[in-house]
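Read the numbers this way: they start at 1 and go in the same order the structure lists the ligands and their atoms. Numbering starts at 1 and runs along the sequence shown. Only heavy atoms go into these numbers, but all of them, side chains included; no hydrogens, no water, no symmetry mates.
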Amino acid sequence: MMSQMAPRDSTGEYLRPESQFRSILSPDPASSFPVEPQRYRLLVGLGCPWAHRTLVVRALKGLEAAISVSIVQPSPEAGGWVFEHPEEGCQTVKQLYELANPGYRGRCTVPVLWDTKQKAIVNNESAEIIVILNAALNEFATRPNLDLYPDALKAQIDVWNDRIYPTVNNGVYRCGFAQTQTAYEQACTSLFDTLDSIELQLGNTRYLCGNGITLADIRLFTTLFRFDTVYYSLFKCNRRRIQDYPHLSGYLRDLYQQPGVAETCDLQAVKRDYFSNLFPLNPGGIVPMGSDLNLSEPHQRDRIGQPASSST
Ligand SMILES: N[C@@H](CCC(=O)N[C@@H](CS)C(=O)NCC(=O)O)C(=O)O
């Protein structure tokens with residue numbers, strides 16, 4: 001049962017398949033996917049950490065008027081994501097993938113950046129969709145000057161991403177979907193090694209790469225948001241909670257309190273999606289009552305990395 005849900009290698013290590021649609025938006029009107037407001041739509045599930053990244057960047061950049069959102073729900077009966085309101089006559093995301101790509105046999109994942117004009121998938125890799133949203137649609141963004149992937153910090157952001165993706169973002173899944181004790185212990189050790197390194201970094205700088213939010217923070221945020229409520233128990237990531245780390249917990253509240261971000265966060269949907277739909281990990285489908293977080297409390301992160309104020 002687990003091996004159907006979670007592909008693995010010969011050591012029992014969880015292997016996440018590659019996303020298959022990897023186009024970008026271009027300013028050239030003759031290109032396959034030209035920049036245009038109100039043409040592209042994000043398909044997202046509120047429980048999904050990868051889709052959540054795209055909602056956070058859309059909110060921070062102020063792209064609500066330029067890019068629409070279609071929220072999908074997980075359905076074990078349909079074997080995947082279903083639309084609240086049928087899209088292009090499709091009830092499920094799988095049908096939409098097949099409509100756009102007859103004969104498609106890959107995974108039908110969210111997020112999807114969907115072209116409503118050509119009825120085509122532009123991109124289904126969250127790490128790339130957030131780069132597109134950061135820069136391609138600035139002329140329609142209410143915060144065009146917010147650059148979450150500035151040239152000067154690209155190398156530093158990429159170093160964090162290259163460590164955080166395998167050990168934290170995908171690392172929690174490697175813990176939860178491991179099929180041997182060794183694979184689990186390796187994943188759990190590298191997960192907490194990285195969280196410990198991040199805790200140290202956040203004692204010196206407000207965000208991962210200094211005093212400004214970058215894509216590295218957003219990619220980390222959506223995993224941290226789910227950690228204590230879902231991954232700690234369901235995925236056995238239980239050596240420590242985010243609440244037990246003074247800097248990481250303040251950082252989580254700081255990001256949550258950025259303009260528009262709280263509105264993208266639905267902890268009840270997260271709990272429901274994970275606990276009711278990962279049958280092999282939680283056969284009864286019982287959704288636990290805890291632990292709800294109060295992320296609206298003060299974070300005082302604005303003092304980190306500032307020169308100590310003089311007493312004279
Ligand atoms: N690498 C992809 C992963 C997306 C992903 O795994 N999404 C999950 C939901 S959290 C999904 O849609 N799974 C459905 C399936 O595998 O059929 C990304 O970051 O965009």
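Note: no N/O pair closer than 3.5 Å links Tyr173 and ligand 1 by distance alone. The shortest N/O to N/O separation between Trp81 and ligand 1 falls below 3.5 Å.
Residues Phe192 and Tyr245 keep their aromatic ring centres 6.0 Å or farther apart. Taking the six-membered ring where the residue is Trp, the centroids of Tyr231 and Tyr274 are separated by under 6.0 Å.
Ligand 1 is never approached by Val93 to a heavy-atom distance shorter than 4.0 Å. Residue-ligand proximity: Ser19 is placed with a non-hydrogen atom under 4.0 Å from ligand 1. Not close to ligand 1: Ala127, with no non-hydrogen atom less than 4.0 angstrom away.
The residue among Glu128, Arg219, Glu125, Arg107 with a heavy atom at the shortest distance from atom 16 (O) of ligand 1 is Arg107. In this comparison of Val110, Val72, Ile129, the heavy atom closest to atom 7 (N) of ligand 1 sits on Val110.
Two residues are said to be in side-chain contact when any heavy atoms from C-beta on lie closer than 4.5 Å; Gln243 and Leu252 fail this criterion.
Here Ser126 has heavy atoms under 4.0 Å from ligand 1 in both its backbone and its side chain.
Counted by atom type alone, Asn170 and Tyr14 present zero donor-acceptor pairs between their side chains at under 3.5 Å. A donor-acceptor pair shorter than 3.5 Å can be found between the side chains of Thr223 and Asn169. Side-chain contact, Thr116 with Arg41: no donor N or O sits under 3.5 Å from an acceptor N or O.
The protein non-hydrogen atom at the shortest distance from atom 6 (O) of ligand 1 is Arg16 NH1, 2.9 Å. Residue, atom and distance of the protein heavy atom nearest to atom 10 (S) of ligand 1 are Cys48 SG, 2.9 Å.
Nearest heavy-atom pair across Tyr207 and Gln258 is OH-NE2, 3.3 Å.
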| request: Could you check Tyr40 against Asn123 for side-chain hydrogen bond (donor to acceptor under 3.5 Å, both in side chains), going step by step and ending with a plain yes or no? | output: CA-CA 11 Å; Tyr40 300 98; Asn123 198 305; over 6 Å; no

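Shown in contact with Asn124 at under 4.0 Å from a heavy atom are these atoms of ligand 1, numbered in order with element: 20 (O).
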